[in-house]
Amino acid sequence: MDLKQLRYFMAIVEERQITAAARRLHMAQPPLSNQMKILEDEIGLKLFQRGPHHIELTEAGELLAARAVQLLDMAAMTKRELEDFRQGLCGTLAIGTVSSSGGILMHEGMQAFRAEFPRVHFEIHDGNTYQLIDMLDRRLIEIAIVRTPFNAARFNCKYRQPEPMIAAMTSELDWAPEKQEITVEELAKKPLILYRRFEQLLLDTFAAHDFTPEVACLNDDARTTILWANAGLGVAIAPAAAIELAAHNHLHVKTIAEKSLQTRLAAIWPRDAYISSPAKHFLELF
């Protein structure tokens, strides 16, 4: 058994037809069939059985297919790692970031990274947490910087410190100019501007404090949340880091004293994915 045979085998598994698999592999059908016969003879088990319209896998075939995926992924990972080693630390690092991540990519650690690894180029994708998780699943990005809450079961995660939610409003809407910290109850009957990503978390928290909020604006971006508040259109509720994302020269900013509203930024990557050398060094910064 070799990697070429496993690639041939997986092409048949995915296409469910010898003819279609041969076409995909740019080879004639008889040599492909012969390779599968050699593989079956070597293993001593039948891997396929013909159905009325396509090929079906036997139980042995199902087992080999599961192992073949792992072996081929490992071979590809090893090849990439050796290529990293041959070239030195270079290439393109694709990262996804949520809008509420603030200046996480702009802090001094990134400047040190660029100084040490000038041959590494970045490709940055913006999106919400769920969009970035989908991009990770499709391997369009290598690392996503997302914000809790999210389902972390399938990922390796590296977290930053917890961060409170803030309420931001113009002086005209500030009911307590002398206060730097407010309670959740003080937000009742205020025209709130909410970032949809945290809508359920906020609604659950408000319900726990026995009131239904007055939502003046619900939107899909932390920057929009801050901009609307800066224009005097309501009281923005957002993670503290979001305040630096957009114009906020008119805003009074207050911390919301509520532990259930604390969130954390996290760098995440799939548990079974290859991590390049640039990505490993980036994660050391996070």
Kindly work out whether a path of hydrophobic side-chain contacts (I/L/V/M/F/W/Y, heavy atoms less than 4.5 Å apart) joins [X] to [Y].
X	Y	answer
Leu251	Trp175	no
Leu45	Ile55	yes
Tyr130	Phe155	no
Met165	Leu245	no
Tyr195	Leu265	no

Over 12 non-hydrogen atoms of neighbours within 6.0 angstrom of [atom1] in [X]:
X	atom1	value
Lys189	NZ	no
Arg139	CZ	yes
Glu284	CD	yes
Glu42	CD	yes
Arg271	CZ	yes
Met74	CE	no

Interatomic distance, [X] atom [atom1] to [Y] atom [atom2] [nearest 0.5 angstrom]:
X	Y	atom1	atom2	value
Ile268	Tyr159	CD1	OH	8.5 Å
Leu202	Glu258	CG	CD	10.5 Å
Lys190	Leu173	NZ	CG	9.5 Å
Glu59	Gln49	CD	CD	9.5 Å
Thr212	Leu203	OG1	CG	8.5 Å
Met135	Ile95	CE	CD1	12.0 Å

**Sequence-distant partners of Asp126, salt bridge (Lys or Arg N to Asp or Glu O under 4.0 Å), two or more places apart** = none
**Asked** salt bridge (Lys or Arg N to Asp or Glu O under 4.0 Å) with Arg24: which residues, sequence neighbours excluded?
**Response** Glu14, Glu15
Backbone N or O of [Y] within a donor-acceptor pair of the [X] side chain at under 3.5 Å?
X	Y	result
Thr225	Ala236	no
Thr97	Ile145	no
Lys37	Ser33	no
Gln262	Pro162	no
Arg154	Trp269	no
Glu244	Ala241	no
Asn219	Thr224	no
His250	Asn230	yes

Student check: side-chain heavy atoms of [X] and [Y] closer than 4.5 Å:
X	Y	answer
Leu187	Ile182	yes
Phe48	Glu56	no
Ile38	Gln5	yes
Asp137	Ile133	yes
His121	Leu93	no
Phe9	Leu64	yes
Pro164	Ile256	no
Gln35	Lys4	no

What is the minimum heavy-atom distance between [X] and [Y], and which atoms define it?
X	Y	value
Gly127	Gln131	CA-OE1, 3.3 Å
Ala267	Leu283	CB-CD2, 3.8 Å
Ala144	Leu136	CB-CD1, 3.7 Å
Ile243	Ala168	CD1-CB, 4.0 Å
Leu32	Ile18	CD2-O, 3.7 Å
Ala238	Ile226	CB-CD1, 4.4 Å

**Item:** Under the side-chain contact (heavy atoms from CB on, under 4.5 Å) test, residues paired with Leu72 that sit two or more places apart
**Value:** Leu3, Leu6, Arg7, Met10
**Message:** Run the ring pair (Phe, Tyr, Trp, His ring centres under 6.0 Å) test against Phe150 and tell me which residues pass, sequence neighbours left out.
**Reply:** none
If we count only N and O atoms by modelled type, under 3.5 Å, do the side chains of [X] and [Y] hold a donor and an acceptor together?
X	Y	answer
Thr129	Arg197	yes
Arg264	Thr148	no
His54	Gln17	no
Thr255	Glu181	no

**Prompt:** Yes or no on side-chain hydrogen bond (donor to acceptor under 3.5 Å, both in side chains) for Gln29 and Thr19, after CA distance, side-chain angles and deciding distance?
**Reply:** CA-CA 6 Å; Gln29 181 178 332; Thr19 304; 2.9 Å; yes
**Message:** For Asp174, is there an ion pair with Lys254 - N to carboxylate O distance below 4.0 angstrom?
**Reply:** yes
**Message:** Using side-chain contact (heavy atoms from CB on, under 4.5 Å), reason through Glu199 and Leu218 one step at a time and then give a plain yes or no.
**Reply:** CA-CA 8 Å; Glu199 179 185 10; Leu218 189 63; 3.6 Å; yes
**Complete:** So the salt bridge (Lys or Arg N to Asp or Glu O under 4.0 Å) pairs with at least one residue in residues 213-234 (sequence neighbours excluded) are Arg196-Asp220, Asp221-Arg223
**Item:** Residues that, via side-chain heavy atoms closer than 4.5 angstrom, fall in one hydrophobic cluster with Trp228
**Value:** Ile193, Leu233
**Message:** Before we go on, tell me: are the rings of Phe282 and Phe117 under 6.0 Å apart, centre to centre?
**Reply:** no
